[in-house]
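Sequential numbering from 1 along the given sequence is applied to the chain's residues. Because the structure is predicted, anything quoted here is derived from the model rather than measured. Heavy atoms only: backbone and side chains are in, while hydrogens, waters and symmetry mates are out.
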Amino acid sequence: MHKKEAAPMAMMDDSENKPVNPRIAAGVATIGDVIGHRLSRRGFLGGLGAVSGLALAGCTRGGEAPGPVGSREAVSADIPAFRFDEIARGMDETHHVAEGYRADVLIRWGDPLFADSPVFDPANQTAEAQRRQFGYNNDFIGYVPLEADSEGRERALLCVNHEYTSTNIMLPGVAAGYPASMTRELCEIEMAAHGGSVVEIRKEDGVWKPVTDSYYNRRITADTTKMRVSGPAAGSPRLQTTEDPTGVVVSGTMNNCAGGITPWGTYLMAEENFNGNFLGELPENHPEAENHKRYGVPSGWYQWGRFFDRYDVSKEPNEPNRFGWIVEVDPTDPNHVPRKRTALGRFKHEGAESVVAPDGRVVVYSGDDQRFDYVYKFVTKGKFEPGNWTVNGDLLDEGTLYVARFDADGTVAWLPLVYGTGPLTEENGFASQADVLIETRRAGDLLGATPMDRPEDVEPNAKTGRVYVMLTNNDRRTEAQVDAANPRASNRFGHIIEIIEPEGDFTSETSRWEILVRCGDPSIAPVGALWNPLTTDNGWFASPDNCAIDPQGRLWVSTDGNEDSGAADGLWALETEGERRGTGRHFFRCPVGAEMCGPRFNETGEALFLAVQHPGDTDGATYEAPGTRWPDFQPAMPPRPSVVVVTKQGGGPIGG
């Protein structure tokens, strides 16, 4: 999840750390050859039935038609999966939700998490205060239900990532003189605002509210939260630093984007754009120079390296290797030491959503959110045992990490990232499994994985055996780099791929895939959008980012970059079955400058939690002059990233 404006803390990664991958370096067959072959496989599509075939044969509005296309009237209007009146495209200073629903701000940046938390004072912030308050730029939301309290009130824990800080609109007086305006104290505030929050919420008189004196509440930060490194890379000399010569203890986590909740109830925090936190230079002959280059280190979005040696690669060249992992936290124990689970690989993780396979093993999916990077899944060696913490507690330390190759015949080959397999040998610079995992991207390059258009959230649907891959955009893909799974050059608007795991076996090393929708405005033919003709002018969207499967098994998609299409980001319901497959429906709209993150339903589907990130961060926005002052709308209060909870008026499941 990234902001795209050229602000001091713009979070779109523009580093040129492209993979040295034969599939992209050599190009592919012509676009016509590839797409013609991919979209004419009627025999293969027949194996999926009419449901899958419709996505390609009859779901288009505008753009080149991949097959016979009927008019909107020719498509049977069967019963929709979603029953709400969609909202209009648009952009203004506040949020909007479909009629018949209420959207309440649940918790905001700076709100108290503890009984002794200081009152939020945005003009006089301190790191100490921020560590006792809800963090900045909320992203992933995890929901862990608790038993009802003594009065019968519903309770749960929200686990919320704080991805990054929008320095220009977060800190007063900084934007005009940036970066010289940054001080050690201001950098400490940024570090304290990163990480995550665990907060208990309770339903009181039908309204969800935070519980500020809860035993469970916790802040996890980039600077003070001690973490253990576990799995194959633990103790590697490449993770050893002056602060930690053992290579097993790390202070903090940062750039926590999407994430996941495991079947045993732990909270997975995905570390994404860690490269932006580092300054300094390494000599070209340094052992870590090529590794850092592949990850875009250093990018210098933050000024932390001016004041803290650990963020200066010329002083601590191994420090970047300690980030880019999946962090596991027990949200029910505020004293739990989080674990960086290195078996899941090191890259710019977007998401860590998991599912239990039929044989009991657990599969975790993740995207590497950068142009031309890859889709991954991790399969545990051990099996999940409900209620057995002894077994489940360290399941993520052993297993096999796979990277995806999307072939033009509609198959996905999951390629194991295992030391000694194929090119992953000493001859290619890998001396151990730790090296393979520290340099996961380079390992994927050598295996010939498919470079994708910014893979972000990857969400399995346990009910159907299908997996949804959000591909946000890639405006740097050339015609020569087009392939079947990434069918558009200069792809500004993104697309969604559906992976079909055979008979619901998420552990399979061979899967199938289809393009569910190609995003963008279907009324503009050159865009090449692909939607069901039943999609209205409000139902299409651009730049899919996060997604969620609700308790009914339906897909919901949030966006980051829909503003590039002329309307605010938000949340859409997306049909995946029947004759309406590929139909979008607009449900929630963000205030100007914000992106939509972390959609998460409670277990009944009657509450939907949404993260509104960086509201007001429009072109040229500053603390003094933001694009909006949502959600407080007070002259002295800057815009505040917030979690919103949506409920249906009169009760009932979200979406009908």
Fill in: Least distance between heavy atoms, His349 atom then Cys257 atom
O-CB, 4.1 Å
Discussion item. If we check ring pair (Phe, Tyr, Trp, His ring centres under 6.0 Å) with His162, which of these qualifies: Tyr136, Phe140, Phe134?
Written reply: Phe134
Practice prompt. Apply side chain to side chain contact (heavy atoms under 4.5 Å, CB included) to Glu319 and Phe308, showing your working.
Written response: CA-CA 12 Å; Glu319 190 70 34; Phe308 301 90; over 6 Å; no
Worksheet item: Between Lys340 and Phe323, is NZ or CZ placed under 6.0 angstrom from the six-membered ring centre and within 45° of the ring axis?
Response: yes
Worksheet item: So which pairs with a foot in residues 172-186 pass salt bridge (Lys or Arg N to Asp or Glu O under 4.0 Å), sequence neighbours left out?
Response: Arg184-Glu188
Discussion item. If the condition is side-chain hydrogen bond (donor to acceptor under 3.5 Å, both in side chains), which residues does Tyr216 pass it with, not counting sequence neighbours?
Written reply: none
Discussion item. Could you tell me if the side chain of Val364 sits less than 4.5 Å from the side chain of Ile326, heavy atoms only?
Written reply: no
Discussion item. Tell me if a side-chain donor or acceptor on Thr440 pairs with a main-chain N or O of Arg346 at a distance below 3.5 Å.
Written reply: yes
Discussion item. Could you tell me if the side chain of Arg476 sits less than 4.5 Å from the side chain of Phe372, heavy atoms only?
Written reply: yes
Discussion item. Is there a side chain to side chain contact (heavy atoms under 4.5 Å, CB included) between Trp301 and Tyr164? Walk through the geometry before answering.
Written reply: CA-CA 10 Å; Trp301 300 333; Tyr164 68 98; over 6 Å; no
Practice prompt. State whether the side chain of Asp373 and the backbone N or O of Pro455 hold a donor-acceptor pair below 3.5 Å, judged by distance alone.
Written response: no
Discussion item. If only side-chain N and O atoms count, and only distance matters, is there a donor-acceptor pair under 3.5 Å linking Thr253 with Glu271?
Written reply: yes
Response to the item:
Residues passing the salt bridge (Lys or Arg N to Asp or Glu O under 4.0 Å) test with Arg228, sequence neighbours excluded, are none
Worksheet item: Can any side-chain N or O of Arg219 pair as donor or acceptor with the backbone N or O of Gly196 at less than 3.5 Å?
Response: yes
Response to the item:
Residues at least two apart in sequence or cross-chain that pass ring pair (Phe, Tyr, Trp, His ring centres under 6.0 Å) with Phe278, listed by chain then number, are Tyr311
Worksheet entry | salt bridge (charged side-chain N to carboxylate O under 4.0 Å, His left out) between Arg492 and Asp564, worked out | CA-CA 8 Å; Arg492 292 180 54 207; Asp564 290 346; 5.2 Å; no
Worksheet entry | Nearest non-hydrogen partners of Thr342 and Ala234, listed with the distance | OG1-N, 4.2 Å
Worksheet item: What distance separates Ile201 CD1 from Leu158 CG, expressed to the nearest 0.5 Å?
Response: 3.5 Å
Worksheet item: Are Arg371 and Asp475 side-chain neighbours, meaning at least one heavy-atom pair lies under 4.5 Å?
Response: yes
Worksheet item: So, Tyr267 versus His336, ring centres under 6.0 angstrom or not?
Response: no
Discussion item. When you compare the side chain of Val250 with that of Arg310, does any pair of heavy atoms fall below 4.5 Å?
Written reply: yes
Worksheet item: Can the ring centroids of Phe347 and Tyr374 be said to lie less than 6.0 angstrom from one another?
Response: no
Worksheet item: Are the side chains of Ile189 and Met170 in touch, meaning some heavy atoms are under 4.5 Å apart?
Response: yes
Item to complete: Please answer whether the main-chain N or O of Arg132 pairs with a side-chain N or O of Ser117 as donor and acceptor at a distance below 3.5 Å.
Response: yes
Discussion item. Could you check whether Phe601 and Trp556 have their ring centres less than 6.0 Å apart?
Written reply: yes
Discussion item. Check the orientation of Phe274 and Tyr295. Use parallel for under 30°, tilted for 30 to 60°, and perpendicular for over 60°.
Written reply: tilted
Discussion item. Salt bridge (charged side-chain N to carboxylate O under 4.0 Å, His left out), that's the test. Do Lys315 and Glu243 meet it? Break it down for me.
Written reply: CA-CA 12 Å; Lys315 298 176 181 177; Glu243 181 181 284; over 6 Å; no
Worksheet entry | Heavy-atom side-chain contact between Met191 and Thr221 under 4.5 Å | no
Worksheet item: Is there a side-chain contact between Thr647 and Glu606, using heavy atoms and a 4.5 Å cut-off?
Response: no
Fill in: Derivation and outcome, side chain to side chain contact (heavy atoms under 4.5 Å, CB included), residues Leu239 and Arg322
CA-CA 6 Å; Leu239 268 64; Arg322 293 149 65 85; 4.0 Å; yes
Item to complete: Using atom types as modelled and distance alone, determine if a side-chain donor or acceptor of Asn602 lies under 3.5 Å from a backbone N or O of Ala607.
Response: yes
Practice prompt. Please identify each residue that fulfils ring pair (Phe, Tyr, Trp, His ring centres under 6.0 Å) with Phe120, with sequence neighbours left out.
Written response: Trp109
Item to complete: Can you see which heavy atom on Ser230 is nearest to which on Arg339, and at what distance?
Response: OG-CB, 4.1 Å
Worksheet item: Does a sphere of radius 6.0 Å around CD in Glu603 hold more than 12 heavy atoms from other residues, nucleotides or ligands, not counting ones at 6.0 Å or beyond?
Response: yes
Worksheet item: Do any N or O atoms from the side chain of Asn546 and from the backbone of Met596 form a donor-acceptor pair under 3.5 angstrom?
Response: no
Worksheet entry | Check: Leu106 main-chain N/O paired with Asp104 side-chain donor or acceptor under 3.5 Å | no
Worksheet item: Can you name the residues that form a ring pair (Phe, Tyr, Trp, His ring centres under 6.0 Å) with Tyr468, not counting sequence neighbours?
Response: none
Fill in: Side-chain (Asp569) to main-chain (Asn562) donor-acceptor, under 3.5 angstrom
yes
Discussion item. Is the distance from the ring center of His586 to that of Phe541 below 6.0 Å?
Written reply: no
Discussion item. Check whether Asp330 reaches the backbone of Thr332 with its side chain - one donor and one acceptor, N or O, closer than 3.5 Å.
Written reply: yes
Worksheet, complete the sentence: Heavy-atom nearest pair, Pro331 first then Cys159, reads CB-SG, 3.7 Å
Worksheet item: Where do Cys519 and Pro544 come nearest, in terms of heavy atoms and distance?
Response: SG-CD, 3.7 Å
Fill in: Partners meeting ring pair (Phe, Tyr, Trp, His ring centres under 6.0 Å) with Phe588 (sequence neighbours left out)
His95
Item to complete: Could you grab the distance from atom CZ of Arg131 to atom CG of Leu113, nearest 0.5 Å is fine?
Response: 14.0 Å
Discussion item. Can you list everything that forms a salt bridge (Lys or Arg N to Asp or Glu O under 4.0 Å) with Asp205? Sequence neighbours excluded, please.
Written reply: none
Discussion item. Just to verify, what does Lys648 make a salt bridge (Lys or Arg N to Asp or Glu O under 4.0 Å) with, not counting sequence neighbours?
Written reply: none
Worksheet entry | Backbone of Val211 reached by a side-chain donor or acceptor of Ser214 within 3.5 Å | no
Worksheet entry | Arg454 vs Asn491, side chain to side chain contact (heavy atoms under 4.5 Å, CB included): CA-CA, chis, key distance, verdict | CA-CA 10 Å; Arg454 282 189 61 205; Asn491 179 13; over 6 Å; no
Practice prompt. Check whether any side-chain heavy atom of Glu595 lies under 4.5 Å from a side-chain heavy atom of His614, and answer yes or no.
Written response: yes
Practice prompt. Only counting residues at least two apart or in another chain, list the ones meeting side-chain hydrogen bond (donor to acceptor under 3.5 Å, both in side chains) with Trp264.
Written response: Thr262, Thr266, Glu328
Worksheet item: Considering residues at least two apart in sequence or located in another chain, which fulfil the side-chain contact (heavy atoms from CB on, under 4.5 Å) criterion with Phe633?
Response: Glu93, Thr94, Thr628, Trp630
Item to complete: Output all residues satisfying salt bridge (Lys or Arg N to Asp or Glu O under 4.0 Å) with Asp92, sequence neighbours left out; order by chain, then residue number.
Response: Arg589
